[in-house]
Protein chains: 2
Amino acid sequence: MPDTTTSSDLLAVLRDGRSRTKTELAEATDRSRSTVTAHLAKLVEGGIVTQLERTAATKGRPSMLYALAADAGVIVAVELGARHALVALTDLAGGVTAHHRIVVDVVDGPEPVLAAILTEARDLLAAAGRPESDVAGFGIGIPAPVELATGLPVSPPLMPGWDRFDIRAYVRLVFDVPVMVDNDVNVMAVGEGITHWVAEREMLMIKVATGIGAGVVVNQRLVHGADGAAGEIGHIRVSAAGDRVCRCGQTGCLESFASGIGIARTLAEQGVDTDDGRDVVALVRAGSIEATRAVREAGRAIGEALATCISLINPSVIVIGGSIASVGEPLLAGIREVVYQRSQPLASKQLRVVAATDLELAGVTGVSRLVQSQVFHLAGLGARPTPATQRRS
Amino acid sequence: MPDTTTSSDLLAVLRDGRSRTKTELAEATDRSRSTVTAHLAKLVEGGIVTQLERTAATKGRPSMLYALAADAGVIVAVELGARHALVALTDLAGGVTAHHRIVVDVVDGPEPVLAAILTEARDLLAAAGRPESDVAGFGIGIPAPVELATGLPVSPPLMPGWDRFDIRAYVRLVFDVPVMVDNDVNVMAVGEGITHWVAEREMLMIKVATGIGAGVVVNQRLVHGADGAAGEIGHIRVSAAGDRVCRCGQTGCLESFASGIGIARTLAEQGVDTDDGRDVVALVRAGSIEATRAVREAGRAIGEALATCISLINPSVIVIGGSIASVGEPLLAGIREVVYQRSQPLASKQLRVVAATDLELAGVTGVSRLVQSQVFHLAGLGARPTPATQRRS
DNA sequence: TGACTTATGCCGAACAACGACATATGATCG
DNA sequence: CGATCATATGTCGTTGTTCGGCATAAGTCA
């Protein structure tokens with residue numbers, strides 16, 4: 001029954017899973033303690049919030065601690081890549097309790113891929129000793145633009161056969177719960193955002209892997225754009241890419257030069273043998289001078305594109321992730337070099353360009369958070385209700 | 001006393017100045033008629049809302065119409081350019097009732113310029129037969145980045161001497177009312193947005209004049225960025241600008257090639273005499289082939305930069321304004337040519353690139369709307385409360 | 001003129017939030 | 001070891017907001 005503003009606000013504060021006292025909650029939600037008491041009672045009765053043991057000694061009477069009943073349900077969070085899927089279970093607070101990577105191929109089309117994912121999810125649930133009825137929500141990040149209102153993938157270049165396929169409906173045949181679908185980089189942005197960059201209003205998450213994409217956070221909210229195509233920066237034209245022909249048919253695309261495939265292509269032109277983007281990381285780690293240089297050049301190209309993005313939205317943080325980012329410094333150095341050289345002083349003085357901290361789980365963490373928003377009817381990403389308008393003086 | 005949510009919601013609906021019946025208001029604010037009645041009574045009593053005559057015949061009893069008491073106060077709205085200022089008076093609904101353009105020079109520094117503006121505002125008030133005590137709010141759009149929280153201009157390249165000058169405080173010495181300061185292109189974006197593009201979630205306003213800047217609207221809200229530098233796209237690097245040195249010290253900046261000054265420079269290199277950006281418009285209108293071509297080239301360069309912006313935020317509308325935009329087709333054609341060629345099909349299929357419709361008053365209209373938000377304690381730009389969460393089933 | 005339609009005003013009921021008071025529970029100190 | 005202090009808890013009456021219902025007003029239309 002938590003449908004009032006106060007209950008929502010309480011959940012919005014408690015959604016991170018940490019426990020709090022009534023006084024803390026009253027302060028955080030800007031209500032009186034009696035109001036918080038009343039609503040907490042309902043939430044506890046409904047099994048949504050748990051009353052924990054008393055706090056350790058302060059001076060006065062110890063207070064009760066309240067926290068989200070994170071174990072009351074399970075969220076299935078999936079990150080889909082071109083050749084694999086990471087299927088994870090999280091508790092209602094977003095803590096990952098189990099995860100497993102399976103091999104799939106998105107070009108096989110939606111049914112077989114989703115079937116494999118759903119099977120894996122069932123297996124994980126069984127292994128965790130959880131009945132399927134415990135599933136409270138399902139979410140998936142996919143490497144395609146997603147239309148915000150409908151959750152449908154639209155014109156996905158990497159995923160022929162998925163165009164406007166109703167993933168939500170398909171999943172609901174198995175798990176009849178809220179289903180969230182969003183772009184893979186968007187969910188990474190959320191994952192990194194809620195774990196490390198809660199306070200930042202504008203943030204950019206860049207994924208450098210087989211392709212290149214961005215997750216865009218503005219005013220603490222994900223940006224989807226009119227067609228779900230926001231953040232599709234792989235086909236920005238950069239000078240470094242020259243006349244190289246991209247798979248999209250254009251020339252000079254960022255992706256054709258700076259993605260895993262693009263770097264491999266650069267190296268191949270120099271006679272260095274690489275099959276795939278994955279090899280590039282191995283080569284750099286092995287100390288290959290050519291590979292290191294190519295990655296740094298790729299970083300510069302990305303930096304060139306980012307300089308423009310910075311001029312447009314002036315973010316305070318840019319997080320670099322994706323498989324290629326795991327080479328670490330060379331890529332980051334290339335990006336920083338151009339970003340700080342080409343950006344206006346005002347926009348770059350406070351700007352931080354950092355590597356993603358959780359390459360493996362950022363995606364599913366973000367998915368879980370977005371699903372949680374739906375399960376609890378919460379808005380936005382922030383830890384607090386929303387910094388909108390303060391109510392009291 | 002209108003400080004409750006319901007009163008705010010009512011004002012948020014009525015802010016456009018149109019009149020509505022109680023039933024319409026109840027529907028728009030999602031409250032019962034009795035609630036609306038109660039709050040309207042207070043608002044009418046407070047002189048904030050006016051009760052108008054009855055509606056013309058429907059079938060049943062005619063209803064009363066209610067509208068914002070637009071004449072209860074005056075908003076002073078100013079648009080500051082490098083060499084001039086447009087000082088306007090609007091009613092509380094944002095309707096421009098008087099305006100006058102005065103000559104100033106921003107390089108003289110803030111005090112003399114603001115003094116001239118304030119004097120002009122006083123003159124306009126006197127001419128309108130309005131006492132100064134009628135002024136309910138003051139706003140100004142300035143050609144500089146503005147820090148959102150403080151309203152201070154930061155590191156303005158065009159306005160040396162204005163850095164972190166407290167415009168709000170200075171104005172309040174004369175008019176002790178809410179004072180709003182924002183970037184000139186931001187306010188133009190708001191002005192165009194509320195008059196023609198209310199429904200669009202993502203929108204870009206591009207001003208092409210002496211310099212080049214953008215106003216960025218995402219999720220129906222203005223984007224200021226971490227340092228107020230969002231939309232400062234004049235110094236994006238574009239290939240067309242080649243190695244041309246920009247006043248910012250970098251090379252290849254969009255502004256060095258595609259702004260009024262940049263176009264003049266291009267023409268000068270071809271031996272065509274122009275003193276200033278203003279001349280460019282005259283030359284095109286006079287049928288100069290060189291000037292027309294140069295403007296179209298400028299459009300292409302802008303299109304190149306915009307293609308990147310489109311990839312990042314996927315707007316549904318891009319509005320082109322500024323003095324150079326008044327040449328009309330050549331500029332727009334150049335922009336469209338590159339935008340539609342370089343953008344991903346998904347992002348550009350629904351995208352409209354249009355000319356600003358109100359070159360003269362869009363700025364002050366936007367200023368007035370932003371001031372109105374402060375005067376009535378409203379959030380956002382939208383006509384409706386915010387499409388956030390629907391309250392009933 | 002009377003039926004019909006639509007708006008209005010007013011009132012009591014339901015609900016949410018608050019502040020205050022009495023009480024509970026531990027630490028701390030003499 | 002008991003008194004005191006500090007802090008948290010539960011409950012209750014008050015206040016204010018919102019809702020739905022009912023009687024009534026003010027037009028149109030036949």
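By convention in this document, chain letters (A, B, ...) are assigned in the order of the sequence lines, proteins followed by strands, and residues within each chain are numbered from 1.
Across the protein-nucleic acid pair, A:Q51 atom CD and D:dA8 atom P stand 15 Å apart, rounded to whole Å. Residue A:R31 contributes atom CZ, which lies 18 Å from atom P of D:dG16 at whole-angstrom precision. When the P atom of D:dC19 is taken as reference, atom CD of B:E27 falls 14 Å away, rounded to whole Å. With rounding to whole Å, B:D30 atom CG is found 12 Å from D:dT18 atom P. Between the CG atom of B:L40 and the P atom of D:dT18 there is a distance of 13 Å, given to the nearest Å. To the nearest angstrom, C1' of D:dG27 lies 13 Å from CE of B:M64. Between the C1' atom of C:dT6 and the CG atom of B:L25 lies a distance of 16 Å, rounded to the nearest Å. For the pair A:K42 NZ and D:dG10 P, the interatomic distance rounds to 16 Å; values are reported in whole Å.
When all heavy atoms are compared, the tightest approach of B:L125 to B:L89 is N-CD1, 3.8 Å.
A distance-only check finds a donor-acceptor pair linking the side chain of A:R20 to the backbone of A:V13 [under 3.5 Å]. Between the side chain of A:N219 and the backbone N or O of A:R221, no donor-acceptor pair lies under 3.5 Å.
At the heavy-atom level, B:S34 lies under 4.0 Å from base atoms of the strands shown. Across all strands shown, A:T21 has no heavy atoms under 4.0 Å from either base or sugar-phosphate atoms.
Annotation: the span from A:T6 atom OG1 to A:L25 atom CG amounts to 11.5 Å, rounded to 0.5 Å.
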Listed pairs, N/O of protein and of nucleotides 21-24 of chain C, under 3.5 Å:
unit_1	atom_1	unit_2	atom_2	d
C:dA24	N3	A:R61	NH1	3.0

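Every residue two or more places apart in sequence or in another chain that forms a side chain to side chain contact (heavy atoms under 4.5 Å, CB included) with A:N183 is listed here: A:V185, A:N186, A:E232. In this structure A:E132 satisfies the salt bridge (Lys or Arg N to Asp or Glu O under 4.0 Å) test together with A:R122, sequence neighbours excluded. A:S316 is linked by a side-chain hydrogen bond (donor to acceptor under 3.5 Å, both in side chains) to A:E200, counting only residues two or more places apart in sequence or in another chain.
A:R168 and A:T150 form no side-chain donor-acceptor contact under 3.5 Å, judged by distance and modelled atom types alone. Side-chain contact of A:H196 with A:D358: a donor-acceptor pair under 3.5 Å is absent, judged by distance alone.
The shortest distance between the side-chain N/O atoms of B:S32 and the OP1/OP2 oxygens of D:dC19 is below 4.0 Å. The side chain of B:K59 places no N or O atom within less than 4.0 Å of a non-bridging phosphate oxygen (OP1 or OP2) of C:dA7. Of the side-chain N and O atoms in A:H39, one or more sit less than 4.0 angstrom from OP1 or OP2 of C:dA17. Within the structure, every side-chain polar atom (N or O) of B:T35 is placed at least 4.0 Å from both OP1 and OP2 of D:dT17.
Recorded end-axis angle for the helix from C:dT1-D:dA30 to C:dG30-D:dC1 stands at 0°, based on five pairs per end and rounded to 10 degrees.
Each of A:T6 and B:S63 was assigned the nucleotide of DNA chain C with the nearest heavy atom; the assignment lying further toward the 5' end belongs to B:S63. When the nearest nucleotides of DNA chain D are assigned to A:T37 and B:V36 by heavy-atom distance, the more 5′-ward of the two goes with A:T37.
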Extract all donor-acceptor atom pairs below 3.5 Å that involve side chains of residues 63-78 of chain B and protein atoms in other chains or at least two apart in sequence.
unit_1	atom_1	unit_2	atom_2	d
B:S63	OG	B:T55	OG1	3.3
B:Y66	OH	B:Q51	NE2	2.9

